[in-house]
Amino acid sequence: MKKQIQELLLQSLATLESKEIIPASKDLAIKIENSRGSEHGDFASNVAMTLAKKAKTNPRQLAQSIIDHLPESDILDRVEIAGPGFINFFLDQNAHQAIVSEIINKGEQYGDSNVGANTPTLIEFVSANPTGPLHIGHGRGAAYGAAVASLLKKTGFDVSCEYYINDAGRQMDILAVSVWLRYLQHIGAEIPFPENAYQGDYINDIAIKLHKEHIEKFVLPAENIIPLFKEEDPELKIDGLIKYCIDNLGEENYRVVFDAGLDSILITIKNDLVGFGVEFNNWFSERSLVENNTVNQCIEKLVENDWIYEKEGAQWFRSSKLGDEKDRVLIRENGQATYFASDIAYHLNKVERGFKKIIDVWGADHHGYIARVKASMEALGLSSEKLEILLVQFATLYRGKEKLQMSTRSGEFITLKELQDEVGKDAARFFYIMRKSEQHLDFDLELAKSESNDNPVYYIQYAHARICSVFRQLTEKGIKYLQADALKDVSNLNEPHEIKLLANLARYPDVIENAAITYEPHQLAYYLKDLANDFHTYYNANQFIVEDNKIRNARLTLIEATRQVIKNGLALLSVSAPEVM
RNA sequence: GCGCCUGUAGCUCAACCGGAUAGAGCACCGGCCUUCUAAGCCGGGGGUUAGAGGUUCGAGUCCUCUCAGGCGCGCCA
């Protein structure tokens, strides 16, 4: 609808250009917005004000010329000038009513568009280190990433979702050692446990399973291990333990312990995500980049173009030449590549797989990382404009007024699974995306759980269930409703609440498109609340099942269309649309 | 100290690349169930958009400074 108005405006402006009333210009950015109040019509444009200066006239006069040259159209009832020079468009009733059959005909496809033009798009999100179960902080990234992915799919992007598994690097070695030490303790060895190793109970579970499968294959004498705890620096202590473990268990056995931890945690993560309604097309292993030499090749390429230099025994990347604050280490003094080195290879790989749009969803604590990744892409001759990094601020969990603290290392955190078990998937998913991603999120467990008026999820779902209920009533009363016939009666929709609902239903495709291209799923959440409100108001003001056949049919098709849009919108957020509540 | 994000009603938050009288929910006050689910609806009070300048027809939105909060500034990931 908006597009049609835009087209009319463009034609009028073209006429004015040809008459030289306004100067010709190449790209006219015509902005049409949905009017806020109905007294300003259905749509409004500010072109007259933006063009007035160029046309050397005043806005209201120009607005009049524009209106005078608008082509005839049956979708418009009237057009008015208002305020400083706004042009307000009032839609004809028929145009409003036509949306009902459009929605019913398109069904689940209502709201789809092709602005994405099948652009190959990769969205990487969650990508939590496999060192423990997902906690509620990861949940926000999961819900947000999944929602953005769904929106992009709906708007015609060819989307692939990916989880990057950080299965290489020091954190994973710490995990392996944590498992190994718990395993030794489980067998009965009197060995301490470092405070900076992973403390969670899940480590014990993995250790016990390891013992069950491999018996005492990984036992080393405790008297050789205990001296390693004399080291005072906790970081050096754990490094010593890692080294001892690898050296004395042997690469092969160490890998078994390492993989026991990795695999077990990864399975948990996958299951939790599936339960949360989040599925990935691909799980990409960091280790694979190291093992198939992509990381080395990448570094060689940078060396060739003089992006690398040596300092203090390490290999540095000249990221400061490309907008970063400082240069960054790629190869440490000990010969190990840094996480950043893998990440350069990973982003190169993403481009080489043919993705034209690459989206990374990161926690806000990684923002300092953006400049170096973009720098690395430029250094490799790739356009960093393909890369879109979306930051998600942290979520703070509250139980009523009480703030719940957490940290992964200490093992004191609320997992995503626990959250879901407590508040349910629907509320969890909705609450996570309800706020703009760059806003800190206060997640109140009590509120999410409450099956009451304060909970927006139920408010929307209730609208859906109520509509389903009306149709059940219809059946009970034995009243016939034939959709195809009923659609012919939509001209009976003229009550103020009906017009409001029709107008809001028509907005849906715009909402989806805008939410998608700005990566803001919260817009959809707000829209659905608004739509649900329109419906509840209508429900309370007008009776649907009335004597008059035509009016009854018209109203039923309207709420049927409403039901469809609510269902479509909730589906995008992976929130269910119950038929009974 | 430097960089990024945030600051809107008592609380939690919206405000569509700068638009018209800044909007919702919660909380508070007052109404609506012999009629399709009251998990609902209607009405009311509540604001110097942290503060000060600037840009222009027009600023919560853009620029500068100040104040407050969060995060980052590793040869960790």
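This one's a predicted model, so the numbers in the text were calculated from it and none came from an experiment.
Rounded to an integer number of Å, the gap from OH of A:Tyr538 to C1' of B:rA38 is 20 Å. In this structure, A:Met172 places its CE atom 14 Å from C1' of B:rC76, rounding to the nearest Å. Residue A:Tyr527 contributes atom OH, which lies 17 Å from atom P of B:rA15 at whole-angstrom precision. In this structure, A:Asp444 atom CG and B:rC13 atom P are separated by 11 Å, rounded to whole Å.
Only the P atoms considered, B:rU6 is 23 Å distant from B:rA22, to the nearest whole Å. To the nearest whole angstrom, the two C1' atoms, one in B:rU8 and one in B:rA59, are 14 Å apart. If you take atom C1' in B:rA15 and the same atom in B:rG60, they sit 9 Å apart, rounded to whole Å. Between B:rU12 and B:rG51, the distance separating the two C1' atoms is 24 Å to the nearest Å. If you take atom P in B:rA27 and the same atom in B:rG70, they sit 29 Å apart, rounded to whole Å. For the P atoms, the distance from B:rG3 to B:rC41 is 48 Å, rounded to whole Å. Taking atom P in both B:rG25 and B:rC62, one finds a spacing of 27 Å when rounded to whole Å. On the P atoms, B:rG54 is 33 Å away from B:rA24, given to the nearest whole Å.
Pair check for B:rA24 finds B:rU12; Watson-Crick or G-U wobble, both atom distances under 3.5 Å. Pairing of B:rC33, defined by two Watson-Crick or G-U wobble distances under 3.5 Å, is not identified with any nucleotide. Of the nucleotides present, B:rA52 is the one that pairs with B:rU64 by Watson-Crick or G-U wobble criteria, both distances under 3.5 Å. The nucleotide B:rC2 finds its pairing partner in B:rG72, both defining distances of the Watson-Crick or G-U wobble pair being shorter than 3.5 Å.
Among the nucleotides B:rC36, B:rC16, B:rC4, the one closest to any side-chain atom of A:Asn34 is B:rC16. Of the candidate nucleotides B:rC13, B:rC36, B:rC76, B:rC13 has the atom nearest to the side chain of A:Arg435. Ranking B:rC36, B:rG40, B:rG19 by closeness to the A:Tyr539 side chain, first place goes to B:rC36. Comparing B:rC36, B:rC76, B:rA39 by their nearest atom to the side chain of A:Val470 picks out B:rC36.
No N or O donor and acceptor, one from the side chain of A:His366 and one from the base of B:rG72, sit under 3.5 Å apart. Between the side chain of A:Asp365 and the base of B:rG72 there is no donor-acceptor pair of N/O atoms closer than 3.5 Å. Below the 3.5 angstrom threshold, one finds a donor paired with an acceptor across the side chain of A:Asn88 and the base of B:rA20. Between the side chain of A:His536 and the base of B:rC41, no donor-acceptor pair of N or O atoms lies under 3.5 Å.
Residue A:Lys436 has no polar side-chain atom (N or O) positioned under 4.0 Å from OP1 or OP2 of B:rU6. Between A:Lys529 and B:rC13 there is no side-chain N or O to OP1 or OP2 distance below 4.0 Å. A:Gln439 has no side-chain polar atom (N or O) that falls below the 4.0 Å cut-off from OP1 or OP2 of B:rG70.
Within the 4.5 Å cutoff, the side chain of A:Val148 has no heavy atoms near those of the A:Val361 side chain.
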With ring-ring contact (aromatic ring centres under 6.0 Å, His included) as the test, would you mind laying out the steps for A:Phe284 and A:Tyr346 before giving the verdict?
-> CA-CA 9 Å; A:Phe284 194 100; A:Tyr346 183 34; 4.8 Å; yes
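Base orientation at B:rC33 is syn, since its O4'-C1' glycosidic dihedral falls within 90° of 0.
Across all strands shown, A:Asn542 has heavy atoms under 4.0 Å from base atoms, whether or not it also approaches the sugar-phosphate. The residue A:Ala371 sits apart from the nucleic acid: no heavy atom pair falls under 4.0 Å. The residue A:Glu333 sits close to a base: some heavy atom pair falls under 4.0 Å. Within the 4.0 angstrom heavy-atom criterion, only backbone atoms of the sugar-phosphate kind lie near A:Thr537; the bases stay farther away. In this structure, A:Phe471 reaches neither bases nor backbone, as no heavy-atom distance under 4.0 Å exists between it and the strands shown.
A donor-acceptor contact under 3.5 angstrom links the side chains of A:Gln523 and A:Glu520, judged on distance only. Side-chain contact check for A:Tyr164 and A:Asp360: no donor-acceptor pair (N or O, by modelled atom type) lies under 3.5 Å. Counted by atom type alone, A:Asp42 and A:Asn34 present zero donor-acceptor pairs between their side chains at under 3.5 Å. Judged purely by distance below 3.5 Å, without hydrogens or angles, the side chains of A:Arg435 and A:His440 never pair a donor atom with an acceptor atom.
In this structure, A:Lys243 does not pair ionically with A:Asp173, as no charged nitrogen and carboxylate oxygen lie closer than 4.0 Å.
The aromatic ring of A:Phe86 stacks onto the base of B:rA20, its centre lying under 5.5 Å from the centre of the six-membered base ring with the two planes under 30° apart. The aromatic ring of A:His522 is not stacked on the base of B:rA14, since the criterion of ring centres less than 5.5 Å apart with planes inclined by under 30° is not met.
Screening A:Tyr538, A:Tyr481, A:Phe471 for a ring-ring contact (aromatic ring centres under 6.0 Å, His included) with A:Phe544, the sole residue that qualifies is A:Tyr538.
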